[in-house]
Amino acid sequence: MDSGYLIECASLLLRWMHVIFAIAWVGSSFYFIWLDNSLKPPVDAALIEKGVGGELWAVHGGGFYNPQKYLLAPPTLPHELHWFKWESYSTWLSGFFLMGALYYSQAGVYMIDAGSAIQQPGVAVMTGIATLVIGWLVYDGLCRLLFNHSQLLFGAIYYGFVVMVGFVLCHLLSGRAAFLHVGAMIATTMSANVFFWIIPGQKKMVAALRTGQTPEPIHGKRGKQRSAHNNYLVLPVIFCMLSNHYPFIYSGPQAALTLATLLLAAALTRHFFNLRHKGIYKWQYPAAGLALLVTVLVTHAPQAQPVVSAPRLTTLADIRPIIDTRCLACHSEKPTKMPTAPNGIKFDQDDAVRLNAPKIYQQVVQLKAMPLGNLTGMTEAERGQISQWFKDGAK
Ligand code: HEC
């Protein structure tokens, strides 16, 4: 079977799995955060007697639910306990393999662009993987160092680190790979939190309880802190993961600043929801997040193109050589830079070029997203010609 087709299949299956696992992970994590923040101290004396510190009544899907959280632990632990861990591990694993199938196997197209400092695909892949490892080591080091300091201080320092990584990666790699790796770096710390600290801590607590000892409080405290971090990091990560579908967001000289702004907007929004679960409404947080978002969108709006009065109409014959040299390397029956034509868009036939005229105008002139990473070295004059052709009716 054709290798390009195999990559497409792998990408489809891995992406599908990745999204399903992530929904399961984020869903259960949002549920527990909401539950924890919504619990009320029990009034029933029997519950207080049992050691219940908070409870809640809910109705869902035709049934009534009454979750209860123990202040420490129930007097005897039930034999069967549900652990939440595979949601997290499977999200990370599928994400890593998806990154491999798309980015690491086609690093020359996806991880490098005309302006990136790194130009060798192998070096780009190593940089991407190193980012994941270094990100975890720095995060974990910060957590140990600032264990007893406020969440706010920790958040500020970690946010500073993430922004710095964003700037470095946007310089070294294509904007698209940089954004995705910032997201993957944060997501790696989230899964590693579960793997290295939260689950082992819980195991120690359960082991102590089963042998009649009192668990050391450090495990609970650390687990809580790490899951609070995870909770704030979810929305920024999801933004990074989706960003690669919107070239206007990750291209241009200000890409790293855009990333920093949008990560902040996401975390502020999450903060609002966390407070809201506790009945505190601080509208300034989502308002600030929205203001940041709107600022980014407004400042990214494409500039109006000057209308040049040409002596005659620009036709397909004028731009055909541009399409041939700048686009066919990827968008053709037999592309040389990619295994298959991306999004199935091929410009071998004149009709296909005419049919895609609005998209070509948008991608080449307005967003400057194509040629991808300007790997084929399109000039501004050529963009101007495409623009003129489109305005002359794309004949
Ligand atoms: C180095 C490879 C490469 C080159 C060269 C390239 N493209 Fe693309 N193009 C892509 C990829 C990859 C996508 C898929 C979109 C994505 O993943 O961001 C794409 C998508 C598109 C789309 C579809 C966007 C959408 O929203 O569906 C259009 C239109 C397009 N390219 C036009 C062009 C034109 C016109 C040129 C030449 C000026 C060009 N491309 C050159 C790789 C390339």
Side-chain angles (χ1 to χ4, degrees), residues 3-5 7-8 10-12 14-15 18 98-99 101-116 118-121 124 173-181 183 239-252 255 300 302 305 314-316 318-391 394:
S3 73
Y5 181 67
I7 292 186
E8 284 289 294
S11 143
L12 168 68
L14 286 167
R15 198 184 294 255
H18 185 53
L98 181 59
M99 182 83 98
L102 284 177
Y103 280 69
Y104 299 156
S105 80
Q106 305 171 80
V109 175
Y110 283 124
M111 299 190 71
I112 286 171
D113 66 23
S116 57
I118 293 177
Q119 288 293 330
Q120 303 90 333
L173 304 173
S174 68
R176 175 188 184 118
F179 275 42
L180 209 57
H181 276 85
F239 167 76
C240 291
M241 297 304 163
L242 295 181
S243 69
N244 72 93
H245 299 284
Y246 301 92
F248 76 95
I249 278 295
Y250 61 69
S251 17
H300 279 73
Q305 295 296 316
T314 305
T315 64
L316 188 57
D318 300 302
I319 64 147
R320 185 78 243 186
I322 306 179
I323 301 280
D324 289 351
T325 47
R326 309 301 184 204
C327 315
L328 292 196
C330 299
H331 295 285
S332 62
E333 287 294 343
K334 296 224 173 334
T336 49
K337 282 196 182 289
M338 302 208 61
T340 52
N343 291 15
I345 297 190
K346 298 169 192 163
F347 297 132
D348 312 80
Q349 308 290 331
D350 285 353
D351 280 349
V353 179
R354 290 200 190 91
L355 199 67
N356 281 298
K359 275 194 176 181
I360 295 178
Y361 177 71
Q362 182 203 42
Q363 296 292 324
V364 173
V365 181
Q366 293 189 302
L367 302 175
K368 296 200 166 87
M370 289 294 142
L372 189 75
N374 204 7
L375 286 174
T376 47
M378 182 176 237
T379 65
E380 281 306 306
E382 288 169 340
R383 288 189 204 275
Q385 270 179 286
I386 302 251
S387 168
Q388 199 58 46
W389 164 72
F390 181 70
K391 288 183 177 147

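Ligands are counted one by one from 1 in listed order, and the atoms in each one are counted from 1 as well.
Among the atoms of Arg326, none of the N or O lies under 3.5 angstrom from an N or O of ligand 1.
In summary, the atoms of ligand 1 found under 4.0 Å from a heavy atom of Tyr110, numbered by their order in the structure, are 12 (C). If you number the atoms of ligand 1 from 1 as listed, the ones under 4.0 Å from a heavy atom of Phe347 come out as 32 (C), 33 (C), 34 (C), 35 (C). Below 4.0 Å from some heavy atom of Met378 lie the following atoms of ligand 1, by number and element: 38 (C). The atoms of ligand 1 that sit less than 4.0 Å from any heavy atom of Leu375 are 1 (C). Interface atoms of ligand 1 facing Ile360, defined by a heavy-atom separation under 4.0 Å, are 35 (C).
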What verdict does the side chain to side chain contact (heavy atoms under 4.5 Å, CB included) test give for Arg320 and Asp350, after you've listed the backbone C-alpha separation in whole Å, the side-chain angles of each residue and the deciding distance to 0.1 Å?
CA-CA 8 Å; Arg320 185 78 243 186; Asp350 285 353; 2.5 Å; yes
Criterion side chain to side chain contact (heavy atoms under 4.5 Å, CB included) on Ile323 and Ile386, from CA distance to verdict
CA-CA 9 Å; Ile323 301 280; Ile386 302 251; 4.3 Å; yes
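Classification of the Phe179-Phe239 ring pair by plane angle, with boundaries at 30° and 60°, yields tilted.
Scanning the protein for heavy atoms near atom 16 (C) of ligand 1, the closest one is Arg176 NH1, 3.4 Å.
Ordered by chain and number, His331 NE2, Met370 SD make up the set of protein N, O or S atoms under 2.8 Å of atom 8 (Fe) of ligand 1.
Contact between Thr376 and ligand 1 is present, with at least one heavy atom of the residue lying under 4.0 Å from the ligand.
Under the 4.5 Å side-chain criterion, counting only non-hydrogen atoms from C-beta, Gln106 is in contact with Ile7.
Judged purely by atom type and a 3.5 angstrom limit, Ser387 has no side-chain atom pairing as donor or acceptor with the backbone of Arg383.
When the salt bridge (charged side-chain N to carboxylate O under 4.0 Å, His left out) test is applied to Arg15, no partner is found at least two apart in sequence or on another chain. For Thr315, the side chain to side chain donor-acceptor pair (under 3.5 Å) partners two or more places apart in sequence, or in a different chain, are Asp318. Remark: Lys346 engages Glu333 in a salt bridge (charged side-chain N to carboxylate O under 4.0 Å, His left out) (not counting sequence neighbours).
At a heavy-atom distance under 4.0 Å, no atom of His245 approaches ligand 1.
For Gln349, the CD atom sits in a loose shell: 12 or fewer heavy atoms of surrounding residues, nucleotides or ligands are nearer than 6.0 Å.
Note: His181 and Tyr110 fail the aromatic proximity criterion, with ring centroids not under 6.0 Å apart.
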